[in-house]
Amino acid sequence: MQVTPLPLVALSAAQPVLQTARLRLVGDDPHLGPAVADYVVRNRAHFAPWDPPAPPEFFSADGQAERVLQGVAAFARGEAFRYWLLPADAPERVIGSLHFSQMARGAFQNAMLGYALDQAAQGQGLMHEALQAGLAEMFSPRVNLHRIQAAWQPSNLRSGAVLQRLGFVQEGLCRDYLFINGAWRDHCISALLNPAFQNHPAGQLEEAEEGLCQPALPSWRAWRS
């Protein structure tokens, strides 16, 4: 019996800088460490209800500098795409992030979405604006993902509303999904499908690797607004 191969797509590079009306989304700047450290420290209490435990060094300038460098390297390799959000009128200040991680190719063509926004920038539609740009890039022919998944706590109604407004569909509930803020927390799973996903001709397909269809786990800081 002849088996028709599944549509498998090679990874392409995402644009390292995206521009919106009010934001620059920067994914390849290794010098953002100090600005990221300032952002993480000033939002530590704000993010605490939605974050897993972090070691003290995570909040240090050196710790964030290393994190930024690791993100730039992963971006270059196509393993994950983290964008830092910089206001157009304050380009030296980081106010948020998008993270498309755990890029699965083969038969899955999926990524996990994480996003975070500065407490002082809430309620202005900035995260919606940033996600529109980021999702468009992930669904573009350059990256060509078929599906993007996000996990969020049921009590985080703002996060769920952001996803719903963008067209994400809630697919289920994972009980005791992550240990956050001193307890195991349930998480809703929502996903968005790419209506313009491009199936490559069979002659251009890569061979699927074992394990590409394993369920994705949320990446670090991947589940809050």
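The shortest heavy-atom contact between Leu166 and Leu192 is O-CD1, 3.9 Å. Closest of all the heavy-atom pairs between Leu98 and Ala130 is CD1-O, 3.4 Å. In this structure, Leu86 and Val94 approach most closely via the heavy-atom pair CD1-CG2, 4.2 Å. When every heavy atom of Pro30 is checked against every heavy atom of Leu69, the shortest pair comes out as CB-CD2, 3.6 Å. For the residue pair Pro154 and Cys188, the shortest heavy atom distance occurs at CG-SG, 3.8 Å. Nearest heavy atom pair, residue Ala88 against residue Pro91, reads O-CD, 4.0 Å.
A salt bridge does not link Arg44 with Asp51: every distance from a Lys NZ or Arg NE/NH1/NH2 to an Asp or Glu carboxylate oxygen is 4.0 Å or more. Between Arg67 and Glu57, no side-chain nitrogen of the basic residue sits less than 4.0 Å from a carboxylate oxygen of the acidic one, so the salt-bridge criterion is not met.
Taking the ring centroids of Tyr115 and Phe100, they lie at or beyond the 6.0 Å cut-off.
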*Test Met138 against Ile148 for side-chain contact (heavy atoms from CB on, under 4.5 Å), laying out the working first.*
CA-CA 9 Å; Met138 294 301 108; Ile148 293 176; 3.6 Å; yes
_Evaluate Phe75 against Tyr83 for ring pair (Phe, Tyr, Trp, His ring centres under 6.0 Å), listing each step before the verdict._
CA-CA 9 Å; Phe75 199 110; Tyr83 291 99; 5.4 Å; yes
*Passes salt bridge (Lys or Arg N to Asp or Glu O under 4.0 Å), Arg42 versus Asp118? Steps please.*
CA-CA 8 Å; Arg42 72 175 183 264; Asp118 194 303; 2.7 Å; yes
*asked:* What verdict does the side-chain contact (heavy atoms from CB on, under 4.5 Å) test give for Leu117 and Phe47, after you've listed the backbone C-alpha separation in whole Å, the side-chain angles of each residue and the deciding distance to 0.1 Å?
replied: CA-CA 9 Å; Leu117 188 65; Phe47 292 153; over 6 Å; no
*Kindly determine whether Leu18 and Arg24 satisfy side-chain contact (heavy atoms from CB on, under 4.5 Å), including the steps that lead there.*
CA-CA 6 Å; Leu18 307 176; Arg24 288 185 78 238; over 6 Å; no
*Should Asn110 and Leu145 be marked as a side-chain contact (heavy atoms from CB on, under 4.5 Å) after you check the CA-CA gap, both sets of side-chain angles, and the distance that decides it?*
CA-CA 6 Å; Asn110 181 83; Leu145 287 172; 5.9 Å; no
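Between the side chain of Arg185 and the main chain of Ile180, a donor-acceptor pair closer than 3.5 Å is present. At distances below 3.5 Å, not a single donor-acceptor pair connects side-chain atoms of Gln132 with backbone N or O atoms of Ala136. Asn43 contributes no side-chain N or O that, together with a main-chain N or O of His46, makes up a donor-acceptor pair within less than 3.5 Å. Side-chain N or O atoms of Gln64 include none that pairs as donor or acceptor with a backbone N or O of Tyr39 at under 3.5 Å. Glu129 contributes a side-chain N or O that, together with a main-chain N or O of Arg22, makes up a donor-acceptor pair within less than 3.5 Å. Side chain of Asn144 to main chain of Gln198: a donor-acceptor pair is present (N/O by atom type, distance under 3.5 Å, no hydrogens or angles). No donor-acceptor pair under 3.5 Å is formed between the side chain of Glu137 and the backbone N or O of Ala14.
Of the residues listed (Trp152, Phe179, Tyr177), the one engaging His187 in a ring-ring contact (aromatic ring centres under 6.0 Å, His included) is Tyr177, and it is the only one.
Around CD of Gln164, the count of heavy atoms belonging to other residues, nucleotides or ligands within 6.0 Å does not exceed 12. Summarising the local packing, CZ of Arg165 is surrounded by 12 or fewer heavy atoms from other residues, nucleotides or ligands at distances under 6.0 Å. Counting heavy atoms of neighbouring residues, nucleotides and ligands inside a 6.0 Å radius, atom CD of Glu171 exceeds 12 of them.
In the hydrophobic clustering of ILVMFWY residues, with side-chain heavy atoms under 4.5 Å counting as a link, Leu173 and Val169 come out apart. By the rule that hydrophobic residues join a cluster once side-chain heavy atoms approach within less than 4.5 Å of another member, Val17 and Leu23 end up as members of separate clusters. Linking ILVMFWY side-chain heavy atoms closer than 4.5 Å, directly or via other members, places Val41 and Val68 in a single hydrophobic cluster.
The structure places CD of Gln102 at 6.0 Å from CE of Met112, a figure rounded to the nearest 0.5 Å.
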